[in-house]
Number of protein chains: 2
Amino acid sequence: MAALSYRSEALLKTLIERYISDGQPVGSRTLAKQAGLELSPATVRNVMADLEELGLISSPHTSAGRVPTARGYRVFVDSLIKVRPLNVTELRHIEGELGASQDPQQLVETASALLSQVTRLAGLVMAPKAEQAVFRQIEFLTLSANRILVILITLDGRVHNRIIQAERAYSAAELVEASNYFNRAFAGMSLTDVKSALLAEMQRDSEAMQAAVRIAMDMARGIFAHEPGEGAELVVKGEANLLNIPELGDVHKLRKLLDAFSTKHDLLLLLDQCMRVNGVQIFIGQESGYLALEECSVVTAPYRVDGQVVGTLGVIGPTRMAYDQVIAIVDVTARLLGGALSADGRA
Amino acid sequence: MAALSYRSEALLKTLIERYISDGQPVGSRTLAKQAGLELSPATVRNVMADLEELGLISSPHTSAGRVPTARGYRVFVDSLIKVRPLNVTELRHIEGELGASQDPQQLVETASALLSQVTRLAGLVMAPKAEQAVFRQIEFLTLSANRILVILITLDGRVHNRIIQAERAYSAAELVEASNYFNRAFAGMSLTDVKSALLAEMQRDSEAMQAAVRIAMDMARGIFAHEPGEGAELVVKGEANLLNIPELGDVHKLRKLLDAFSTKHDLLLLLDQCMRVNGVQIFIGQESGYLALEECSVVTAPYRVDGQVVGTLGVIGPTRMAYDQVIAIVDVTARLLGGALSADGRA
DNA sequence: TTTAGCACTCGACCTCAAAGAGTGCTAAAT
DNA sequence: ATTTAGCACTCTTTGAGGTCGAGTGCTAAA
């Protein structure tokens, strides 16, 4: 796209800012006054016509002003926006809340609640992926003849548990032996590595295997029989904030959105993509590729524990949102959550 | 209240049924036809006037028909309604879903999802109260110097974990000893009993206590430092269903309702009350005593594990709901969830 | 006690006109 | 070559006025 003249940019910027702040289509008269350039409405109208031709703004009908299009917002966030750093009170607030707990599960919840609270949008946090967590300890407990409760503890202090249906009944002694084997062989490995180590083990001649190992293999089948993506967990908070936004007044769209929240599948996919990208990322309108998010924007950032990206968080709201603030909030929250999780497990 | 004549009852019943099924105020003409009594609209009008005087129905404005009031619904569900048993397909469906898992946490989620799915309202399940669960085993794990991960497993196969801040650092050996003490002393007791046993223990001369016991006491302080009511966990599903109901078209009310869902506090209180009552219970409109539930009704039923009431479940929806079906669904789901949870932990 | 008849009320819906906002185009001004 | 004033035009919003239909309450007759 050809570079915009300084004037076009300035006008586009003010138009979008104005529209974000009061939600009304912006007319040439208003814009001329607001922009601070000494221009007449007529001149502004010419520029607006150009911007419309470029697909950056559009007009709901003849006698309304102009509103930004998705492409307009794109240009805005890419090159026009000036991110506004959080004020100290807010920062303190977030720090305080995230410092209050040390339970990683709790922290993830808190972070999501914070995001929704501070931005007044819906908060999303994808919990650290289980596969990346480091194996620490495993326990097997017999619930009934063939049903065994497996408790897997990872280094970050998270506890994962599931019930598996065993092929045959195991004695308590057998289970102790099996868990000993696990704990000895895999401590300190990431779960992904544990998985592949187990797989490799199974390839070998099973005749030669010790009983304990064989039982462990049996268990493993049950434990790691996750569907892909199921290892991730999504925490959504503040859905109710989306009720306020008039763009979604259309009940049908809102419904689709809330359904997406309860399914979580699509959102997880989206957040998962963001893990591979560095820093804050923004999806405007259809850019996310999911229909349910049509009128929405998603602002995300990955968060790191000990330098390693382990998850993503963000917010979701109407395309018309205060990007300058939201970007800062998401960014800061990602850092602080990462920090809080890193502090865990150490002194 | 004076007993209603047969005719009044019949007309009230038909009026409410009609209103529930199509949501429009019901006029005398329609009602006369529908009721099956050979009455003229004029007669029906007289009866309606009486019912209005009794506060059972009311008219939105002069030239609309009548709609039931909360009191009207009350009479309806108390003495007029004929509960309609589920059809076989639905029953099979619920049985199937609740039979598929054995994980109690999972079962609670499923039950809530089922309730919302089948009734097309919002489903609520209050998970079995932790205090009533039976102690089975406890494990202590050092996360860092003073931070200890406590994993508490109850007989029903649920895993509760929390991180506590210890007063001083404990060695691994000390922790093993402490957990041994716990497991030996408390296996098979309900958590409430464990709590009071611990309290009693603390009363005694602490000089005489063994080191292990003293440490265990220390732990206990952290573990059982729940606020009352926090032991309970509420699972809400299908909030999105509430978007469809025109009575809540008023965005403001809907907002309050969704906020109540995320706070969960009031709802827990309400469900908690229901544990003490036998069978299905219905709160219509303001009867629940919570403002946020103004235009809503809540239908609940406690569920039992081994004859013991351990939790409550139900649905929440507009006062205008198909009570005859909803009651049956809630009732059945409570039984089946109880059954599924009871089957757990045994052969 | 029930019913037919009737006047009356009130919301839903339509149309019409006026007002207001904002545009695009043209022609003059810089 | 830009910029601007002027103006005709378009389209939404608002409110007034009017009709229609649904449903009521009352009265008087059955």
Side-chain angles (χ1 to χ4, degrees), chain A residues 2 4-12 14-19 21-69 72 246-247 249-250, chain B residues 2 4-12 14-19 21-69 72 246-247 249-250:
Chain A
L4 271 56
S5 72
Y6 169 74
R7 204 163 63 184
S8 306
E9 281 194 348
L11 285 176
L12 179 59
T14 1
L15 186 145
I16 296 186
E17 282 167 351
R18 173 81 189 205
Y19 180 69
S21 82
D22 60 323
Q24 299 299 321
V26 185
S28 56
R29 188 180 207 78
T30 324
L31 191 50
K33 251 184 279 175
Q34 187 102 6
L37 313 167
E38 304 278 306
L39 291 175
S40 75
T43 315
V44 171
R45 278 206 286 283
N46 288 328
V47 178
M48 284 167 96
D50 295 347
L51 290 173
E52 180 154 25
E53 213 161 318
L54 289 170
L56 302 178
I57 59 180
S58 78
S59 141
H61 58 83
T62 351
S63 81
R66 305 297 214 297
V67 300
T69 61
E247 284 87 332
D250 183 359
Chain B
L4 270 55
S5 72
Y6 169 75
R7 202 163 65 186
S8 307
E9 282 194 346
L11 286 175
L12 179 60
T14 357
L15 185 145
I16 296 186
E17 283 168 351
R18 174 80 189 210
Y19 179 69
S21 80
D22 60 327
Q24 298 299 322
V26 184
S28 54
R29 191 183 204 77
T30 325
L31 190 50
K33 250 183 279 174
Q34 188 102 7
L37 313 166
E38 304 279 307
L39 292 175
S40 74
T43 315
V44 171
R45 279 204 287 281
N46 289 327
V47 178
M48 285 168 96
D50 296 345
L51 290 173
E52 180 154 26
E53 213 160 318
L54 289 171
L56 302 178
I57 59 181
S58 77
S59 135
H61 59 84
T62 350
S63 82
R66 304 298 214 297
V67 302
T69 62
E247 285 86 331
D250 183 359

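By convention in this document, chain letters (A, B, ...) are assigned in the order of the sequence lines, proteins followed by strands, and residues within each chain are numbered from 1.
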Secondary structure string for DNA chain D (Watson-Crick or G-U under 3.5 angstrom, | for other-strand pairs): ||||||||||||||||||||||||||||||
Between CG on residue B:Leu39 and CZ on residue B:Arg7, distance to nearest 0.5 Å: 5.0 Å
Side-chain N or O of B:Arg66 closer than 4.0 Å to phosphate OP1/OP2 of D:dT24: yes
Under 3.5 Å between N/O atoms: give me all the protein pairs with nucleotides 2-7 of chain D, atom names plus distance.
from: D:dT3; atom 1: OP1; to: A:Arg7; atom 2: NH1; distance (Å): 2.9
from: D:dT3; atom 1: OP2; to: A:Arg7; atom 2: NH2; distance (Å): 2.9
from: D:dT4; atom 1: OP2; to: A:Ser40; atom 2: N; distance (Å): 3.2
from: D:dT4; atom 1: OP2; to: A:Ser40; atom 2: OG; distance (Å): 3.3
from: D:dT4; atom 1: OP2; to: A:Thr43; atom 2: OG1; distance (Å): 2.3
from: D:dT4; atom 1: O5'; to: A:Ser40; atom 2: OG; distance (Å): 3.4
from: D:dG6; atom 1: O6; to: A:Arg45; atom 2: NH2; distance (Å): 3.4

Within-4.5 Å side-chain heavy-atom neighbours: B:Ser8 and B:Asp50: no
Nearest heavy-atom neighbours spanning B:Tyr19 and B:Pro68: CD2-CD, 3.3 Å
Between C1' of C:dT2 and CG of B:Asp50, the distance in whole Å: 14 Å
Spacing of B:Met48 atom CE relative to D:dG23 atom C1', expressed in whole Å: 9 Å
Distance, rounded to the nearest Å, where A:Glu52 contributes CD and C:dG22 contributes P: 15 Å
Backbone of A:Gly55 reached by a side-chain donor or acceptor of A:Thr69 within 3.5 Å: yes
Between the protein and nucleotides 10-12 of chain C, list every N/O to N/O distance that falls short of 3.5 Å.
from: C:dC10; atom 1: O2; to: B:Ser63; atom 2: OG; distance (Å): 3.0

Residue from A:Val67, A:Leu31, A:Val44 passing side-chain contact (heavy atoms from CB on, under 4.5 Å) with A:Leu15: A:Leu31
Any A:Ser59 side-chain nitrogen or oxygen under 4.0 Å from OP1 or OP2 of C:dT23: no
Beyond-backbone contact of A:Leu4 with A:Leu54, side-chain heavy atoms, under 4.5 angstrom: yes
Separation of atom CG in B:Leu51 from atom P in D:dG23, rounded to whole Å: 17 Å
Donor-acceptor contact present, side-chain B:Ser59 to main-chain B:Arg66, <3.5 Å: no
Protein-nucleotide distance (B:Glu53, atom CD; D:dG25, atom P), rounded to Å: 11 Å
Distance in angstrom units between B:Gln24 CD and D:dG23 C1', rounded: 14 Å
Between CD on residue A:Glu9 and CG on residue A:Leu51, distance to nearest 0.5 Å: 10.0 Å
Side chains of B:Met48 and B:Leu11 in contact at under 4.5 Å (non-hydrogen atoms): no
Length of the CD-P vector between B:Gln34 and D:dG23, whole Å: 13 Å
Interatomic spacing from CD in A:Gln34 to CZ in A:Arg29 - rounded to 0.5 Å: 14.0 Å
Interatomic distance, B:Arg29 CZ vs D:dA22 P [rounded to whole Å]: 9 Å
Closest contact, heavy atoms only, A:Pro60 versus A:Pro25: CG-CG, 4.1 Å
